[in-house]
**Q** 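Handing you a structure now.
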Amino acid sequence: NLTGRFQEAFRKLTGKKELSEKNMSEAFADIRNALLEADVNLEVVNQFMDDVKQACIGQEVLKSVTPGQQTVKIVHDKLIELMGSSTAELNLGGEPAVIMLCGLHGSGKTTTSAKLAHFLQKKHRKRVMLAACDVYRPAAIDQLEVLGRELSLPVYSDRQCQDVPLLAQRALQEAKDRGRDLLIIDTAGRLQVDEILVQELVELKDIVRPHEILLVADSALGQEAVSVAKHFDQALDLSGIILTKLDGDARGGAALSMRQSTGKPIKFVTVGERIIDLETFHPDRMASRILG
Amino acid sequence: FSDVERWDEASYARLEATLISTDLGPSVSRRIVADVRDKYERGLINTDADILDSARTLILDILCRDGIQPIRLNENGPTVILLVGVNGSGKTTSAAKLTYHFRKLGKTIVLGAGDTFRAAGVTQLQLWGERLDCPVIGAPQGSDSAAVAFDAIKSGIQKKADFVIIDTAGRQHTRTDLMDELLKVKRICGKALPGAPHEIWLTVDASIGSNSLVQAKEFGKVFPITGLILTKLDGSGKGGVVVAIKEELGYPVQFIGLGEQMGDLQLFDPEMFVKAMF
Ligand SMILES: Nc1nc2c(ncn2[C@@H]2O[C@H](COP(=O)(O)OP(=O)(O)OP(=O)(O)O)[C@@H](O)[C@H]2O)c(=O)[nH]1
Ligand SMILES: Nc1nc2c(ncn2[C@@H]2O[C@H](COP(=O)(O)OP(=O)(O)OP(=O)(O)O)[C@@H](O)[C@H]2O)c(=O)[nH]1
Ligand SMILES: [Mg+2]
Ligand SMILES: [Mg+2]
C-alpha cells in the first residue's frame, strides 16, 4: 500500500529540515501513480498533485512521524476534503417530492430506485411510489414491478406509452392522487454523448421538476468518469451522485474524478444486490480505498 | 500531434496522456512510450506519424500475439457458450446479439436463461427469445441456476441445435460464494454434455477502468476464460484494458458490442480497434 511504499522513498529524507519539491519528487511520482492506478482521471490527478505540492512544500518535517507518513496524511486529508462531506442531505420537501435517477447502461439505476425507496421509507417514513420510465430495455418495467412487489410499494407503469416525459407526468399525477409523498423515477440507461436521449431527460426534468436529480454511476468507471459526470451535469444540473458496486474491489478513483469535475456531492453508495445495501457516503473510507 | 516538429518531453507526455485516457493503464502506457522513445532516439523512426504508428503497432502486436483463436466448435452436439461477468456488463444483451449473429450464419440456437437470481433476469432473456424466435429454457426466480444450464443443454442436444448460449447472473468476483456457484454451473454443463462448456466468455464493459483486469484474473481463477466480449464500445470508453488482459492473461476479445439492438455485435477486428483507440 501507499504508506509502505513511502517509508522507502522517505528513508532518504531523514535529517532534512523541510519537505521540498526536490526531495519529494519521488514520493510525488509514487502518489501520482497510485491515483492513476486507482482509475482517477489523468487531468484530475494533475490538478490534485498541484494542490498536494502546494500543501506539502515548506512544511516542517515533523519529529513524531516519518516524512512519508506526514505526506500520506496530507494527501489523505486533501482527498477527504475534496470528497465532500458525509452529511449530504436529500431535498424531500415536495408534495410529492420527486427524485429522478439517471446514468449509463447497467450502472444500477433500477435496483437503486428500489433501495432508495426502502431507505427513505424506513428513515423518513415516506410513502413512496416508483415510476417505471425505461421504455426501451426488455423487461425493465417487469424488473421494477418485481422490486416494487417485494417492497409492497406501488409502481406506476404503462407499457403502451412510449412518451417518457408524458409517462413521468402521469406518474406524478398518480402519486398525488394516491397521496404518496415521494416519487422515485427510474430511467433508461443512456450514453452521456447521446444528445437525443439526454434531451429526453431534460424534457422529463422540465415536466416533473424533480427535487433531486441523481447520477447513478458505477464506482469502477475508468478515465471516462469525468466526461460522464460533466455531460449529465451540464444537461441536468445534478443534485448529487450515487456510486454503485462498492462491494467489488475497484479502487474507485471515479469518485474523485466526478466530484472534482462537477463539484456535486456524492450522497449514497450501494454495496451489494440486496434491498438494504444502500449507505450514506463516507468520504474518509473512500479516500482510504482510493489510496489503496 | 501533427504539428510536432521534433519530439521532446512534452510530446512524450502528451502521448502517455493519450494512452492513459484509453484505460490502457499507467504502466502499460508508460512502457509503450518508453519503447517508442527508444526507437526514436536510435533513429529508427523519425516523424510524429511514425511515433503514433509505432505505438499502435506495439499495441496491435499484443492483441495479435498467438494468432486469432476461432470458436472451439463441438463435433458431437451443440457448441456450448457460457457467458459470465460482473453486474450490468452486458451478458444478457450479448446472449441475444450472439443468437442473432449465429442465426445469420444459418445456425440454430437454444438459449439458457441462467439468471434465476435477479428480478426479471429470466424474463429479460425470454423477451429477447421471442424477438429472435429462439427457444429459451428458463425457471422461476430463485431456482437453481445450474439446473437451467443442464436443461438448456439437454434441450439443445435434443433439438440438434448448433449452439447453446447460457446466460448467468451478474456477480462480483469478491463474492467467493457466487464464484463457487459459477464453478458448479460449469461442472453441471459438463454433466449434461461432456466437454461443455466449449467456450467461456467474460463480458467486459468498455467504460470501466483497471478493475476489468482484476475481474479477468479472478474469474479466470475459477475456470479458463476462452474469450472476452467487449461491450458498450459505442460509448466514450475505449476499452484499452483489454490490451492488458491480453498481455497478462492471454484472453482474446472475440466480439465487441456497439449498441443495444440485436444487430449491434461485431467480430473483433484488432486493427480497427487500435485505429479507433487513438
Ligand atoms: N454487486 C452489486 N451489484 C449491483 C449493485 N447495484 C446494482 N447491482 C447490479 O447491477 C446490475 C445492473 O443493475 P440495474 O439496476 O439493472 O442497472 P440499470 O442502471 O438500471 O441498468 P439499465 O437500465 O440497463 O441502464 C444488476 O445485476 C444489479 O443487481 C451493487 O451495489 N453491488
Ligand atoms: N450502448 C450499449 N449498451 C449496451 C451494450 N450491451 C449491453 N448494453 C446495455 O447495458 C445494460 C445492461 O445490459 P445487460 O445485458 O442487462 O447486462 P447484464 O450483464 O446481463 O446485467 P446483469 O445480468 O444484471 O448482471 C442494458 O441497458 C443494455 O441494453 C452495448 O454494447 N452498447
Ligand atoms: Mg434499469
Ligand atoms: Mg443479465
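Reminder, nothing fancy here: chain letters follow the sequence lines and each chain counts from 1. Hydrogens, waters and symmetry mates play no part in the numbers below; they use all other heavy atoms, side chains included.
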**Q** Report the option among Gln215(B), Arg30(B), Gln126(B) that has the most heavy-atom pairs separated by less than 4.5 Å from atoms of chain A.
**A** Arg30(B)
**Q** Check for a donor-acceptor pair, side chain of Asp23(B) on one end and backbone N or O of Gln223(A) on the other, with a separation under 3.5 Å.
**A** yes
**Q** Between Arg251(A) and Asn211(B), do the side chains contain a donor N or O and an acceptor N or O under 3.5 Å apart?
**A**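 Asn211(B) vs Arg251(A): no donor-acceptor pair found between side chains.
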**Q** Would you indicate whether Tyr12(B), at its atom OH, is surrounded by more than 12 heavy atoms from other residues, nucleotides or ligands within a distance under 6.0 Å?
**A**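 More than 12 heavy atoms, drawn from other residues, nucleotides or ligands, come within 6.0 Å of this atom.
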**Q** Compare all side-chain heavy atoms of Glu37(A) with those of Ser210(B) and state whether any distance is below 4.5 angstrom.
**A** no
**Q** Would you mind reporting whether Pro138(A) and Arg131(B) have side-chain heavy atoms less than 4.5 Å apart?
**A** yes
**Q** Heavy-atom cut-off 4.5 Å, strictly under: side chain, backbone, both or neither for Glu260(B) against chain A?
**A**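 Answer is side chain: those atoms of Glu260(B) sit under 4.5 Å from chain A.
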**Q** Name the member of Ala206(B), Gly121(B), Gly88(B), Gly209(B) that forms the most heavy-atom pairs with chain A at distances under 4.5 Å.
**A** Gly209(B)
**Q** For a side chain to side chain contact (heavy atoms under 4.5 Å, CB included) with Pro26(B), tell me which candidate from Leu42(A), Val45(A), Asn33(A) qualifies.
**A**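 Among Leu42(A), Val45(A), Asn33(A), the one meeting side chain to side chain contact (heavy atoms under 4.5 Å, CB included) with Pro26(B) is Asn33(A).
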**Q** Let me know if Gln192(A) has heavy atoms under 4.5 Å from chain B in its side chain, its backbone, both or neither.
**A** side chain
**Q** Inspect the surroundings of NZ in Lys230(A) and state if more than 12 heavy atoms from other residues, nucleotides or ligands are less than 6.0 Å away.
**A** no
**Q** For the residue pair Thr174(B) and Asp249(A), confirm or rule out a side-chain donor-acceptor distance under 3.5 Å.
**A** no
**Q** Hey, what do you get for CD1 (Ile208(B)) to CD (Glu224(A)), rounding to the nearest 0.5 Å?
**A**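 CD of Glu224(A) is found 11.5 Å from CD1 of Ile208(B).
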**Q** Run the side-chain contact (heavy atoms from CB on, under 4.5 Å) test on Arg118(B) and Gln143(A) for me, step by step, so that the C-alpha distance in whole Å, both residues' side-chain angles and the decisive distance to 0.1 Å come before the verdict.
**A** CA-CA 8 Å; Arg118(B) 207 203 66 209; Gln143(A) 186 183 0; 3.6 Å; yes
**Q** For the interface with chain A, which of Thr123(B), Thr92(B), Asn87(B), Leu125(B) has the highest count of heavy-atom pairs at distances below 4.5 Å?
**A** Asn87(B)
**Q** What distance separates Glu43(A) CD from Ser21(B) OG, expressed to the nearest 0.5 Å?
**A** 9.5 Å
**Q** To the nearest 0.5 Å, what is the distance between CG (Leu127(B)) and CG (Asp142(A))?
**A**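 The CG atom of Asp142(A) is 6.5 Å from CG of Leu127(B), to the nearest 0.5 Å.
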**Q** Can you confirm whether Val146(A) sits close enough to Gln141(B) that some side-chain heavy atom of one is under 4.5 Å from a side-chain heavy atom of the other?
**A** yes
**Q** Measuring heavy-atom distances to chain B, does Leu104(A) have an atom under 4.5 Å in its side chain, in its backbone, in both, or in neither?
**A** side chain
**Q** Tell me if the CZ atom of Arg31(B) is crowded by more than 12 foreign heavy atoms within 6.0 Å.
**A**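 Yes, because the 6.0 Å sphere around CZ of Arg31(B) holds more than 12 heavy atoms from other groups.
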**Q** State the NE2-OG distance between His231(A) and Ser236(B), to the nearest 0.5 angstrom.
**A** 8.0 Å
**Q** Do Gln124(B) and Arg137(A) have side-chain heavy atoms sitting under 4.5 Å apart?
**A** yes
**Q** Does any heavy atom of chain B fall under 4.5 Å from the side chain of Leu221(A), the backbone, both, or neither of them?
**A**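 Both parts, backbone and side chain.
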**Q** Run the side-chain contact (heavy atoms from CB on, under 4.5 Å) test on Val86(B) and Lys245(A) for me, step by step, so that the C-alpha distance in whole Å, both residues' side-chain angles and the decisive distance to 0.1 Å come before the verdict.
**A** CA-CA 10 Å; Val86(B) 297; Lys245(A) 307 177 200 171; over 6 Å; no
**Q** Which bit of Glu145(A) comes within less than 4.5 Å of chain B, counting heavy atoms only: side chain, backbone, both or neither?
**A** neither
**Q** So for atom CD, which belongs to Glu195(A), do other residues, nucleotides or ligands contribute more than 12 heavy atoms lying within a distance under 6.0 Å?
**A**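 Open.
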**Q** For chain B, which candidate among Leu147(A), Asp247(A), Val193(A) shows the most heavy-atom pairs at distances under 4.5 Å?
**A**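 Highest number of pairs under 4.5 Å: Asp247(A).
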